[in-house]
Protein chains: 2
Amino acid sequence: MLVIERHEMIVRLVNEKGSMRVSELSEICNVTEETIRRDLDRLEQAGRLLRSHGGAVSVAEQQPEDPYMEREITRMEEKKRIAQEAIKYIEPRDRIILDASTTAWYMASILPDIPLTVLTNSLKVAMELSTKEKIEVISTGGIMSARSLSFVGPSAERSLDAYHVNKAFLSCKGVHLGRGISESNEMQALVKRKMISIADRVLLLADHSKFGVQAFTYFAELSQIDEIITDDKIDPQYVQQLEEMAVKLTVALA
Amino acid sequence: MLVIERHEMIVRLVNEKGSMRVSELSEICNVTEETIRRDLDRLEQAGRLLRSHGGAVSVAEQQPEDPYMEREITRMEEKKRIAQEAIKYIEPRDRIILDASTTAWYMASILPDIPLTVLTNSLKVAMELSTKEKIEVISTGGIMSARSLSFVGPSAERSLDAYHVNKAFLSCKGVHLGRGISESNEMQALVKRKMISIADRVLLLADHSKFGVQAFTYFAELSQIDEIITDDKIDPQYVQQLEEMAVKLTVALA
DNA sequence: ATAAAAATAACCAAATATAATCAAAACTAT
DNA sequence: ATAGTTTTGATTATATTTGGTTATTTTTAT
């Protein structure tokens, strides 16, 4: 990747996410943090972003409203942290699933360019990964859900049948200790259920606000989840209860 | 190779790939890196690309096209006109196929929001149609081709098997009266062949520059095409020969 | 408030890329 | 043909980029 390309990528990422840490950019671009810092200095000189300790923030004062992205500003910080923790579980040559959640999209955007096969039903994830040449992206087809820009329906589920992955990173709307994992949309829930069935290991990405919540449809038991990644605002009572239930839990720290 | 030819080749390569290293260009063009550097300096002077340490990046990020799409930015006007003509063939409640071509993408962007089912292997087409609420979009899944932002491969072909449409709008790289319709990329060709097999009616979108051209793989006979839509710069000799061969031809006027 | 951790700036050195220069080769125009 | 121009490749000196190291600053936690 040429210098200019890296600079453009940095600006794009900073603008998309609002902010980026030096460490994230370093991983994504496959250069040392020193290089990223120098880049940020120059980009700040040029007025393309604003430097801050640990990273940089967007200076695009009023980015034109992205019609695709339902503005999920809520829990953005937590989701980014969870995404950052989650990518630590990814190793070269893994075959993984990313679902159509905001957290999975963050994961895609900060995923380093290493040899990897990613199976997804999310248009945004696919789009995001298209620039990383070492990553092979496979999309389920299916009926497009315009709101979430993802593919659902029988054909999406059918196409998943043809694959097997070693890790699946899934999100949800609710985690209830007694009732299990739930989703507000039935179509999405069915796809997630299928995803779980073709994965060796299921990692659930759920920020603290999801605990205790019961959404419309259940798509998995807690026992089907191998590990939950959440943020540090989680109620300690859940931590303890999950421990008692022998569910592995990782807390993504700030 | 003439100097100008080399210059054009350099610009084309840079635009296709987004960027090129001096070393790559040197190898491809069979000249020393010094020569390439001088070329790049002059091309940057002329504003045809942007220099960067180690290579050059494309500057062709003008509106309708972004650096992903695989075909040349040329014939844009013709393609828009062909797209405009093509949508006249679409009626409410049609089930149609749009392939991963620039022309199909133009079609998607000017398609009115009427009840319609669109089956496509193009990410851009899907994205474009996501804002039109009356249009149901179904995507083939498959391996994502990053360059063309489309889905190809066995799974893409397999998923097409589950559907049947009444009209397919396809593009190509070459239309040869004797040898048939060809494509430069075999994966895309196989998908198109399958698309033809599940469509009642096949409409070929081909600007005048495609006639007489033979690209790498053939994916259809002329007899399998129900109608060709082209632009008014088409050589009259082809018009006459197609008439003799009883192939229906529509010329999109300015 | 103070200590520990994290991030940064300021170096340096190695690798790479570039610019400048010159001579040979190829092309142009008389 | 021949003189003049342009292009090219080779060579050398110069620039830039990058990663590593260390000291310093800033932030965070106690």
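Every chain is numbered from 1, with letters handed out A, B, ... down the list of sequences.
Heavy atoms from other residues, nucleotides or ligands lying under 6.0 Å from CZ of A/Arg21 number 12 at most.
For the pair A/Asp231 and A/Lys79, the salt-bridge criterion is not met [side-chain N within less than 4.0 Å of a carboxylate O].
Its glycosidic angle being within 90° of 0, D/dA15 falls on the syn side.
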Please encode protein proximity along nucleotides 9-20 of chain D as a string of B, S and -, counting only heavy-atom distances under 4.0 Å. BSB----SSBBS
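In this structure, B/Glu24 places its CD atom 15 Å from P of C/dT16, rounding to the nearest Å. Residue B/Asp41 contributes atom CG, which lies 14 Å from atom P of D/dT7 at whole-angstrom precision. Across the protein-nucleic acid pair, B/Met20 atom CE and C/dA17 atom C1' stand 18 Å apart, rounded to whole Å.
Partners of A/Glu27 according to the side-chain contact (heavy atoms from CB on, under 4.5 Å) rule, which considers only residues two or more places apart in sequence or in another chain, are A/Ile87, A/Pro112. Every residue two or more places apart in sequence or in another chain that forms a side-chain contact (heavy atoms from CB on, under 4.5 Å) with B/Ser155 is listed here: A/Tyr163, B/Arg158.
Contact check, A/Arg51 against C/dT8: a side-chain N or O comes under 4.0 Å of OP1 or OP2.
Screening A/Lys210, A/Lys173, A/Arg193 for a salt bridge (Lys or Arg N to Asp or Glu O under 4.0 Å) with A/Glu183, the sole residue that qualifies is A/Lys173.
Within the structure, salt bridge (charged side-chain N to carboxylate O under 4.0 Å, His left out) contacts touching residues 237-251 of chain A (residues at least two apart or in different chains) are A/Glu227-A/Lys248.
Each end of the helix from C/dA17-D/dT14 to C/dT30-D/dA1 gets its own rotation axis from five pairs of C1' atoms, and the angle between them is 20° to the nearest 10 degrees.
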Only pairs under 3.5 Å count here: list side-chain donor-acceptor contacts from residues 5-12 of chain B, not counting sequence neighbours, and write none if there are none.
from: B/Glu5; atom 1: OE1; to: B/Leu2; atom 2: N; distance (Å): 2.8
from: B/Arg6; atom 1: NE; to: B/Asp39; atom 2: OD2; distance (Å): 2.6
from: B/Arg6; atom 1: NH2; to: B/Asp39; atom 2: OD1; distance (Å): 3.1
from: B/Arg6; atom 1: NH2; to: B/Asp39; atom 2: OD2; distance (Å): 3.0
from: B/His7; atom 1: NE2; to: B/Asp39; atom 2: OD1; distance (Å): 2.9
from: B/Glu8; atom 1: OE1; to: B/Arg48; atom 2: NH2; distance (Å): 3.3
from: B/Glu8; atom 1: OE2; to: B/Arg48; atom 2: NH1; distance (Å): 2.9
from: B/Arg12; atom 1: NH1; to: B/Glu16; atom 2: OE2; distance (Å): 3.1

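Using a 4.0 Å heavy-atom distance criterion, B/Ser26 is classed as making no nucleic acid contact. A/Ser52 comes within 4.0 angstrom of the backbone, heavy atoms only, and of no base.
Using modelled atom types, one finds a donor on one side chain and an acceptor on the other under 3.5 Å when comparing A/Tyr89 with A/Thr250.
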